[in-house]
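Scroll down for the structure; my scribbles are underneath it.
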Amino acid sequence: MILCKATVFSKSKFGFLENVHKVLGTSKFATLKTKVMNFQIASNTEKKNIIYIIDSATELSLINTLDAKEMTFCKTAIEADEKVIWLNRLDYYEVIFCIQKKATDWQTNDTIRKAGAQIATTGNKHKVAEMCIHSLSMHKDAAYYLAEGMALSAYRFVKYRKDAEKALSTLQTICFEAQSITTSEVNRLEVMTQAIFKARTLVNEPLNYLSADQLAVEIANLGKEAGFSVKTLGKAEIEQEKMGGILAVNRGSQQPPTFNIMEYKPKNALNEKPIVLIGKGVVYDTGGLSLKPTPASMDRMKSDMSGAALVSCSMYAIARLKMPLHVIALVPATDNRPGENAYVPGDIITMYSGTTVEVLNTDAEGRLILADALHWAKRYEPALVVDFATLTGAASVAVGEHGIVCMGTAADAVKEAFQASGFRQYERLVSYPLWEEYGEMIKSDFADLKNIGGPSGGAITAGKFLEHFTDYPWMHFDIAGVSFATSQKGYLPSGGTGYGLRMLLDFLTHYSQ
Ligand code: BES
Ligand code: MN
Ligand code: ZN
């Protein structure tokens, strides 16, 4: 049974799992369909809804449709610091967007993305289907950022709604005046928008659709579509491998776990040793017997596989963009439930690495499944391992919805490169330390480690726990605060956000240059 181009793993001793096999045989499990934006370069932009991007240096007379009255109107608006000016024509709109100069570069870029979201939202109110961007600004990437904000704000998760058609964004096409953007940028926009929409949809899908098995199917489909190999270990193989962390978390569940391995290895790969991405794939986190309270805390826990969505959809983008990098991604997946056979506080489990762990809280499950994946990653002798996980409420409490908590053992240059990517993409990083004192907090009297620290420093003690299972340069990104939003803000929708994906792709793009 071959899920997709399984060239890389053909020599592996693992076969595909029976249940994944069965699942794939049924038509019930179709690929998630996500409606995306069309991007085009237009030779003739006449009579379409046009957005002119201008800055303080732009000569307004370049917009030749403006009559004298409108010209005055625009000048007054610009002087009043208005950023977006709508001009209503007979059968189309013209929008003038003025870049403000005060902010630093990355702030300016995000101001442009947010204006894109604002323009798309207003366009949607006017039931606009197509908009064309014409940049008259000195800012060379302005059209890209504006389109990015427009596209990302057009995402809707409507699969389960009767009024799906009505709920969708009317904006379907963004076109560009030829001088405003390059074809490779248009390609990148299209791929990134697809990847982010797919990641958001995976996060938004509830547990009654997205089990660990189904996540494996979705990942296999991503591989088929984009061109990377996927191999899934099922429960039998996970047992055979003695992945004690994944098996412990899965014990209370009626549904089997999966361990998903993705690989993209182009002939022109620049890195000798692979980069390994790891994503937490807890398809639902009830907390297990250390049950989470609801509604306050459990209700959003379908999003506890956001790390998995982020890395698998990053693989989709990496492969579709044909990045010259050898990248592997690992997704350990299960739900965390208090079923009658569930692991209990006090249990001492043996992890895949052989390390024993005293489980003092079954809600600290993410680190257990990630630890097994981190140990697995050692076999690749990786240049760098990067994990993304909705790991701790502590990270969310510390920085809220506005940044990712990160820590790791990678070289300073790598950390700085990540920071720079975070700023460029406005998916910013807050760096936490891995001081050894935090390591003391997860020592157990009865086992090598315990799975919780004390009442404070929760994001770091979780990171310290993960660090124990690494022997390579490694970075950990705790996305608990950013991956799921309760309300729409700018170009980020409510529900799954895909936050972090642009930052990671930006890092990898620079890594490959
Ligand atoms: N999935 C949660 C973390 C989380 C919290 C994600 C809020 C998104 C929003 C994780 O599995 C968890 O429950 N962590 C516990 C750890 C604690 C028991 C040491 C937490 O942070 O409360
Ligand atoms: Mn938990
Ligand atoms: Zn969790």
Side-chain angles (χ1 to χ4, degrees), residues 203-204 207 210 212 215 245-246 248-253 257 278-310 331-338 342-347 357-373 387-405 432 438 441-444 449-466 476-486 494-500:
V203 174
N204 288 332
L207 177 67
L210 197 72
L215 180 58
I246 299 172
V249 176
N250 182 251
R251 270 181 57 174
S253 174
I278 299 179
K280 173 177 172 181
V282 172
V283 286
Y284 200 88
D285 184 10
T286 67
L289 283 168
S290 312
L291 198 66
K292 283 183 186 296
T294 182
S297 176
M298 199 196 292
D299 50 3
R300 50 166 287 184
M301 281 304 145
K302 67 174 184 178
S303 69
D304 213 17
M305 35 54 70
S306 296
L310 194 157
V331 168
T334 178
D335 51 341
N336 181 25
R337 294 260 209 168
Y343 72 145
V344 301
D347 269 354
V357 174
E358 185 186 10
V359 175
L360 288 174
N361 190 322
T362 62
D363 199 10
E365 85 297 340
R367 65 199 72 185
L368 299 176
I369 70 166
L370 288 169
D372 285 355
D387 79 70
F388 285 85
T390 46
L391 202 60
T392 66
S396 166
V397 168
V399 289
E401 298 177 341
H402 305 295
I404 297 174
V405 165
Y432 275 25
Y438 296 103
M441 295 166 74
I442 52 167
K443 284 202 171 140
S444 159
L449 294 174
K450 56 182 180 182
N451 78 330
I452 49 169
S456 58
I460 305 178
T461 49
K464 267 324 245 192
F465 186 93
L466 299 181
H476 161 58
F477 296 94
D478 194 330
I479 53 173
V482 293
S483 54
F484 194 87
T486 46
S494 66
T497 59
Y499 195 111

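Quick caveat, the model's predicted, so the values are computed rather than measured. Each ligand, and each atom within it, is numbered from 1 in the order the structure gives. Only heavy atoms go into these numbers, but all of them, side chains included; no hydrogens, no water, no symmetry mates.
- Distance alone, capped at 3.5 Å, is enough to place a donor-acceptor pair between the Asp478 side chain and the Leu391 backbone.
- Only protein atoms were considered; those of element N, O or S under 2.8 Å from the Mn ion (ligand 2) number 4.
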Please tabulate protein-ligand N/O pairs under 3.5 Å for ligand 1, atom names and distances to 0.1 Å.
from     : atom 1 : to     : atom 2 : distance (Å)
ligand 1 : 1 (N)  : Lys280 : NZ     : 3.3
ligand 1 : 1 (N)  : Asp285 : OD2    : 3.2
ligand 1 : 1 (N)  : Asp304 : OD1    : 2.9
ligand 1 : 1 (N)  : Asp304 : OD2    : 3.0
ligand 1 : 1 (N)  : Thr390 : O      : 3.3
ligand 1 : 11 (O) : Lys280 : NZ     : 3.2
ligand 1 : 11 (O) : Asp285 : OD2    : 2.9
ligand 1 : 11 (O) : Asp363 : O      : 3.1
ligand 1 : 11 (O) : Glu365 : OE1    : 2.8
ligand 1 : 11 (O) : Glu365 : OE2    : 2.9
ligand 1 : 13 (O) : Lys292 : NZ     : 2.8
ligand 1 : 13 (O) : Asp363 : O      : 3.0
ligand 1 : 13 (O) : Asp363 : OD1    : 2.8
ligand 1 : 13 (O) : Asp363 : OD2    : 3.1
ligand 1 : 14 (N) : Leu391 : O      : 3.4
ligand 1 : 21 (O) : Gly393 : N      : 2.7

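- Screening residues 288-297 for side chain to side chain donor-acceptor pair (under 3.5 Å) gives Ser290-Asn361, Ser290-Thr362, Lys292-Asp363 as the qualifying pairs, with residues at least two apart or on separate chains.
- With hydrogens and angles disregarded, a donor-acceptor distance shorter than 3.5 Å links the side chain of Asn451 to the backbone of Ala364.
- Counting only distance, with no hydrogens or angles, the side chain of Ser483 and the backbone of Ser303 share no donor-acceptor pair below 3.5 Å.
- Distance alone, capped at 3.5 Å, places no donor-acceptor pair between the Asp335 side chain and the Tyr284 backbone.
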Go through it in stages, so that I can follow the logic: the residues are Asn336 and Thr286, the test is side chain to side chain donor-acceptor pair (under 3.5 Å), and I'd like the CA-CA distance, side-chain angles, deciding distance and then a yes or no. CA-CA 6 Å; Asn336 181 25; Thr286 67; 5.2 Å; no
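- A heavy-atom distance below 4.5 Å is not found between the side chains of Phe388 and His476.
- At least one donor-acceptor pair under 3.5 Å links the side chain of Asp372 to the backbone N or O of Gly245.
- Separating the CG atom in Leu449 from the CE atom in Met441 is a distance of 13.5 Å, to the nearest 0.5 Å.
- Taking 4.5 Å as the limit, some side-chain heavy atom of Asn204 sits within range of a side-chain heavy atom of Phe484.
- Around the Zn ion (ligand 3), the protein N, O or S atoms closer than 2.8 Å are Lys280 NZ, Asp285 OD2, Asp304 OD2, Glu365 OE2, listed by chain and residue number.
- Without hydrogens or angle criteria, Thr392 side chain to Ala395 main chain gives a donor-acceptor distance under 3.5 Å.
- Proximity of Tyr343 to Leu368: side-chain heavy atoms (C-beta onward) are separated by under 4.5 Å at one or more points.
- Taking 4.0 Å as the cut-off between side-chain N and carboxylate O, Lys280 and Glu365 count as a salt-bridged pair.
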